[in-house]
Amino acid sequence: MEKSFVSCKNLSVGYSDKVLIKDINITIEKNANIGLIGENGSGKTTLLKTLLGIIKPVSGEVEIAKNNTISYIPQIRETEDLLPFSVEEILEMGLSRQLKPWQSALPRFKDKFDSILERVSLTEYKKHLFKNLSGGQKQRIMLAQALISSPEAIILDEPTQGLDVYQRKNFMKLLKEIKQEKEFALILVSHIFDDFKGMNFTIYRVENESLNQIDLKQLGI
Amino acid sequence: MNEIIESLKFFLAAFYVVIIASASLSNSGIFLYQRRSLFLGAALPQIAGFGLLISALFTENKIITYAVVLVLCVLILGWHSSKGSVRLENDAFIGIGFAVSMAGSLLIMAKSSAETHAYESMFKGGILASVPKDIYFTAAICIPALLLLTIFKRRLLMVNMAPVQAELNGLNKWRIYEYLQFICISATIIISMESLGTMGTFAFLLFPVITLCPFAKNANCLFYLCPLLGIIAGVSGLYVSIEYDLPAGPSIVGVLFILWILATILKRVIKLR
């Protein structure tokens with residue numbers, strides 16, 4: 001278990017009245033790149049949430065490495081918020097676990113904010129409103145928020161959904177660079193097979209209530 | 001002039017109550033707005049009023065009555081936001097809550113004894129009749145609720161905006177922060193209803209946040225500006241009500257509405273420049 005971030009045996013996921021995926025036996029190593037594909041409604045998000053301990057398994061076992069920090073980047077539409085959050089406030093939320101409720105992240109984490117924003121090439125947007133950014137910029141800020149807590153794993157649930165082709169390419173290029181610089185397990189759910197290019201992903205497909213490892217060539221990559 | 005000062009002194013308790021309740025409700029409105037549940041704020045006072053009426057049939061103890069209704073409101077908010085398979089659409093839920101509780105309240109008031117008639121003021125609001133006891137009662141509930149929502153705001157906002165990440169960070173175990181919000185918001189609404197009525201209560205939840213959101217440089221400043229705007233509107237509305245002998249609730253709503261209109265025009269002018 002030391003080297004693995006999560007492992008499961010004979011796992012079935014779903015809800016009490018419906019099993020979505022059964023007999024899952026996988027181990028995700030701490031520095032692995034895992035890709036997850038499957039049709040809408042096939043149970044990918046339910047599987048992720050079960051692996052992360054948010055949803056109880058229908059049956060079987062899940063073992064998650066303890067005291068790990070895990071970051072989750074949702075689809076862009078899920079980050080839409082009515083309140084006018086500044087970019088700094090979005091980053092500060094990523095430190096919620098480290099900070100006491102009444103503590104402010106600034107000035108203590110100012111340098112960290114600056115270096116992370118520089119890494120995602122959005123330094124000049126620090127004071128901007130998150131909702132006024134483009135889709136690609138928003139996802140880069142969400143990536144910065146995910147990175148700020150130095151996580152052992154980052155889970156991206158269709159992060160490029162809704163982005164135009166340039167924004168998508170830029171985001172995936174940035175993710176690839178960061179993955180080369182830092183050590184963390186990466187789990188990427190995507191319908192866009194090109195997203196899996198060049199990062200040595202182990203791909204799993206959810207199909208007919210089962211999870212099967214497939215070759216990148218089967219996706220035409 | 002002296003006459004005005006004397007009459008304002010006579011209504012001093014009302015001013016204190018409106019200051020405390022408006023600040024606390026305006027603060028609660030930010031969270032309801034973020035959760036896209038602002039219109040639940042319209043149904044909730046109505047439901048709470050209905051609950052208070054039912055409880056009044058069984059007990060004369062105000063604290064027990066308020067506690068029962070608080071639990072009812074928290075359960076409604078908790079059930080409404082859970083992802084159960086029987087989840088109703090927002091609009092349907094609000095409509096059912098509003099219609100059933102209003103009808104129920106009117107039926108009870110029509111057929112019940114004199115005690116429940118005291119609760120009629122709950123729907124209209126009886127702020128001008130406030131006495132020092134009302135100040136203490138309002139302050140005892142609203143100020144702790146306001147402080148809790150302010151102290152924990154970053155975590156509460158995160159739970160609302162990024163629930164999965166919050167859960168992964170261990171910030172929402174047993175939905176603790178969600179229920180903290182529900183308890184504070186419900187308690188503020190229930191306690192404010194007697195003075196501000198259902199209409200005034202809803203107006204303070206709605207107007208400050210929608211008036212100030214377009215001008216805010218960040219979410220944090222809303223937590224200072226919304227209560228401030230709520231207090232200004234509450235005090236002005238009450239003054240208008242006393243000075244021109246108008247009902248207090250509608251006067252306060254009128255001031256809030258005018259401020260919102262002015263803010264909308266100002267925003268347009270700024271945009272055109």
Side-chain angles (χ1 to χ4, degrees), chain A residues 15-18 45-46 48-49 51-55 64 66-75 78-106 126-132 142 145-146 149 151-155 157, chain B residues 27 29-39 82-86 147-177 180-181 206 208-223 225-226 267:
Chain A
Y15 300 94
S16 54
D17 55 340
K18 195 182 179 191
T45 304
T46 310
L48 282 183
K49 287 182 177 175
L51 292 178
L52 297 170
I54 294 173
I55 297 177
I64 309 162
K66 282 186 182 125
N67 300 323
N68 274 346
T69 305
I70 303 164
S71 291
Y72 177 81
I73 299 176
Q75 291 177 24
E78 287 177 38
T79 62
E80 298 296 338
D81 202 284
L82 293 175
L83 291 187
F85 286 111
S86 68
V87 164
E88 264 180 349
E89 285 175 324
I90 296 286
L91 293 183
E92 199 177 29
M93 276 189 205
L95 292 167
S96 292
R97 201 179 181 186
Q98 282 97 317
L99 294 167
K100 298 256 181 334
W102 50 88
Q103 273 181 328
S104 171
L106 295 171
K126 194 158 77 172
K127 300 278 179 198
H128 282 227
L129 290 185
F130 180 71
K131 65 179 177 184
N132 291 345
M142 292 312 287
Q145 189 203 53
S149 55
E152 276 81 18
I154 298 182
I155 289 127
D157 194 356
Chain B
N27 188 57
I30 302 170
F31 295 97
L32 284 177
Y33 182 65
Q34 192 199 14
R35 296 181 69 89
R36 294 170 201 265
S37 300
L38 209 44
F39 279 89
S82 66
K83 303 278 189 282
S85 54
V86 289
L147 288 176
L148 280 171
L149 289 175
T150 307
I151 290 168
F152 289 100
K153 66 176 186 287
R154 185 176 50 237
R155 292 185 176 193
L156 301 174
L157 294 172
M158 185 170 185
V159 164
N160 295 343
M161 186 196 184
V164 175
Q165 183 63 61
E167 193 136 2
L168 288 174
N169 284 356
L171 293 182
N172 202 24
K173 218 168 188 179
W174 303 303
R175 298 176 68 192
I176 190 165
Y177 284 107
L180 177 67
Q181 278 178 77
L206 171 73
V209 67
I210 63 161
T211 304
L212 291 168
C213 249
F215 298 97
K217 281 185 177 171
N218 53 51
N220 200 37
C221 69
L222 286 176
F223 288 89
L225 296 176
C226 284
K267 189 71 195 172

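In the text below, chain A, chain B and the rest are named by the order of the sequence lines, each starting its count at 1.
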[X], part contacting chain B, at a heavy-atom distance under 4.5 Å:
{"X": "Glu92(A)", "result": "both"}
{"X": "Ser104(A)", "result": "backbone"}
{"X": "Tyr15(A)", "result": "neither"}
{"X": "Lys49(A)", "result": "side chain"}
{"X": "Leu99(A)", "result": "both"}
{"X": "Leu129(A)", "result": "side chain"}

Identify the heavy atoms of [X] and [Y] that sit nearest to each other, and give their distance.
{"X": "Leu168(B)", "Y": "Ser71(A)", "answer": "CD1-C, 4.5 Å"}
{"X": "Ile70(A)", "Y": "Gln165(B)", "answer": "O-NE2, 3.1 Å"}
{"X": "Met158(B)", "Y": "Met93(A)", "answer": "SD-O, 3.2 Å"}

May I ask you to name which of [options] has the most heavy-atom pairs under 4.5 Å with chain A?
{"options": "Asn218(B), Asn220(B), Asn160(B), Leu171(B)", "result": "Asn218(B)"}
{"options": "Val164(B), Leu156(B), Ile151(B)", "result": "Val164(B)"}
{"options": "Leu222(B), Val209(B), Leu157(B)", "result": "Leu157(B)"}

Can you establish whether the number of heavy atoms outside Ile176(B) located under 6.0 Å from its atom CD1 is more than 12?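 At most 12 heavy atoms, drawn from other residues, nucleotides or ligands, come within 6.0 Å of this atom.
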If I measure from the heavy atoms of chain A, does Ala216(B) come under 4.5 Å with its side chain, its backbone, both, or neither?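 It is both, since atoms from each part get that close.
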Any heavy-atom pair between the side chains of Pro84(A) and Lys217(B) that's under 4.5 Å?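 In short, these two side chains do not touch, never coming nearer than 4.5 Å.
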Contact between Arg154(B) and Leu95(A) at the side-chain level, heavy atoms closer than 4.5 Å - yes or no?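 The answer is no, as the side chains (C-beta and beyond) never meet within the 4.5 Å cut-off.
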Met161(B), Arg35(B), Arg36(B) screened by side-chain contact (heavy atoms from CB on, under 4.5 Å) with Leu82(A), the one that passes: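 Exactly one candidate clears the test, Arg36(B).
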Contacts of Lys18(A) that satisfy salt bridge (charged side-chain N to carboxylate O under 4.0 Å, His left out) - sequence neighbours left out: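 With sequence neighbours excluded, Lys18(A) shows a salt bridge (charged side-chain N to carboxylate O under 4.0 Å, His left out) to no residue whatsoever.
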Could you work out, with side-chain hydrogen bond (donor to acceptor under 3.5 Å, both in side chains) as the rule, every residue matching Lys126(A), not counting sequence neighbours?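 Expected list: Asp114(A).
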